Amino acid sequence: MPVKTIIVGNWKMNKTATEAVQFIHKLAPLVASSAPQVLLAVPYTAIFQADQAAKKTHIRIGAQNVHDLEEGAFTGEISSEMLKDAGAEFVIIGHSERRHIFNESDEFIHKKIVRALMADLMTILCVGETEVEHKEAKTKEVLERQLTSALKDLPKNTSNLVVAYEPVWAIGTGKSATSDLANDMHLFCRNCLIKYFGKKQANQIPILYGGSVKPSNIAEFMKQEHINGVLVGGASLDPKNFAKIVNY
Ligand code: PGA
């Protein structure tokens with residue numbers, strides 16, 4: 001069975017709940033008959049209202065981060081159960097901005113993944129090398145380390161997992177990876193997944209590309225054999241732009 005195509009918008013720290021609802025009302029008719037699964041990772045404060053607004057559409061709402069524990073004295077943090085209760089169906093974990101601006105370690109990311117999967121949230125694990133690592137030809141080493149550490153001890157029949165390859169130097173820079181390079185790295189990630197989960201299970205895990213995806217380059221990425229969808233930051237903030245990506 002071919003893996004499903006997934007297009008995710010990651011709004012980062014943009015849009016109030018009111019703006020999220022307006023956005024969904026504009027986006028929904030534009031993507032009503034589109035084939036890919038459409039996901040929006042909205043700020044925590046917009047999850048509930050965005051989910052309500054998306055109920056009769058095939059847009060699904062999720063979060064951009066989560067804590068690794070169920071509850072407790074962790075001022076400012078949000079648990080998987082809280083996300084689900086607010087209406088989130090998925091969560092992004094290990095985004096490069098979390099790793100590099102908020103110093104999240106591989107170990108912390110691993111714990112979050114375990115908890116999110118236990119809570120039945122679809123989990124989008126982001127991996128990717130920095131510009132320095134890219135220039136030093138360390139990409140595969142970094143991807144293998146991030147994947148191995150994130151997946152450690154997960155049950156071999158884990159479903160509900162998505163991987164996003166996002167070269168850090170391509171995020172928000174307008175400088176996307178070439179689709180050939182991305183395709184090669186996706187194949188590398190696929191092989192790491194096969195090593196861990198075995199072929200049958202690993203081949204069901206969608207691998208998305210992220211980093212300066214826009215309406216003008218989406219088709220090129222989606223033509224590649226090993227790219228199963230995209231994670232879009234900047235270009236997901238405008239409903240018409242985002243719809244062009246979904247309907248590539
Ligand atoms: P970008 O962001 O599309 O703005 O490069 C991608 C991401 O951060 O997931």
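Values in this document were obtained by computation on a predicted structure and should not be read as measured data. Atoms within each ligand, like the ligands themselves, are counted from 1 in listed order.
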Just to be sure I read this right, does ligand 1 sit under 4.0 Å from the backbone of I171, its side chain, both, or neither, counting only heavy atoms? both
Check ligand 1 against L231 and write out every atom of the ligand that is under 4.0 Å from a heavy-atom position of the residue. 9 (O)
E131 with K175: basic N within carboxylate O range, under 4.0 Å: yes
Is there a salt bridge (Lys or Arg N to Asp or Glu O under 4.0 Å) between E129 and R145? Walk through the geometry before answering. CA-CA 11 Å; E129 82 287 6; R145 190 200 75 228; over 6 Å; no
Taking the side chain as every heavy atom from C-beta outward, state whether F74 and S79 have any atom pair closer than 4.5 Å. no
Checking the N or O distance criterion of under 3.5 Å, is ligand 1 in contact with E97? no
Starting from I207, can I reach L151 by hopping between I/L/V/M/F/W/Y residues whose side chains sit under 4.5 Å apart? yes
Quick one: which of E97, K112, E77 gives a side chain to side chain donor-acceptor pair (under 3.5 Å) with N65? K112
Would you say G233 and ligand 1 have an N/O pair spaced under 3.5 Å apart? yes
Is there at least one pair of N or O atoms, one from G172 and one from ligand 1, spaced under 3.5 Å apart? yes
So which protein heavy atom does atom 9 (O) of ligand 1 come closest to, and at what separation? E166 OE2, 2.6 Å
Evaluate the criterion side chain to side chain donor-acceptor pair (under 3.5 Å) for residue pair W169 and E133; output intermediate values, then yes/no. CA-CA 10 Å; W169 47 271; E133 290 160 342; over 6 Å; no
Assess whether a salt bridge exists between E107 and K152, defined as any Lys/Arg side-chain N lying under 4.0 Å from an Asp/Glu carboxylate O. yes
Is there at least one pair of N or O atoms, one from H95 and one from ligand 1, spaced under 3.5 Å apart? yes
Numbering the atoms of ligand 1 from 1, which are under 4.0 Å from a heavy atom of G234? 1 (P), 3 (O), 4 (O)
Just which atoms of ligand 1 are under 4.0 Å from any heavy atom in G211? 5 (O)
Mind checking whether A170 contacts ligand 1 via backbone (N, CA, C, O), side chain (CB onward), both or neither, at a 4.0 Å heavy-atom cut-off? backbone
Does ligand 1 have any atom that is closer than 4.0 Å to a heavy atom of K12? yes
Any G210 heavy atom less than 4.0 Å from ligand 1: no
Flag side-chain contact, heavy atom, 4.5 Å: F242 against V38: yes
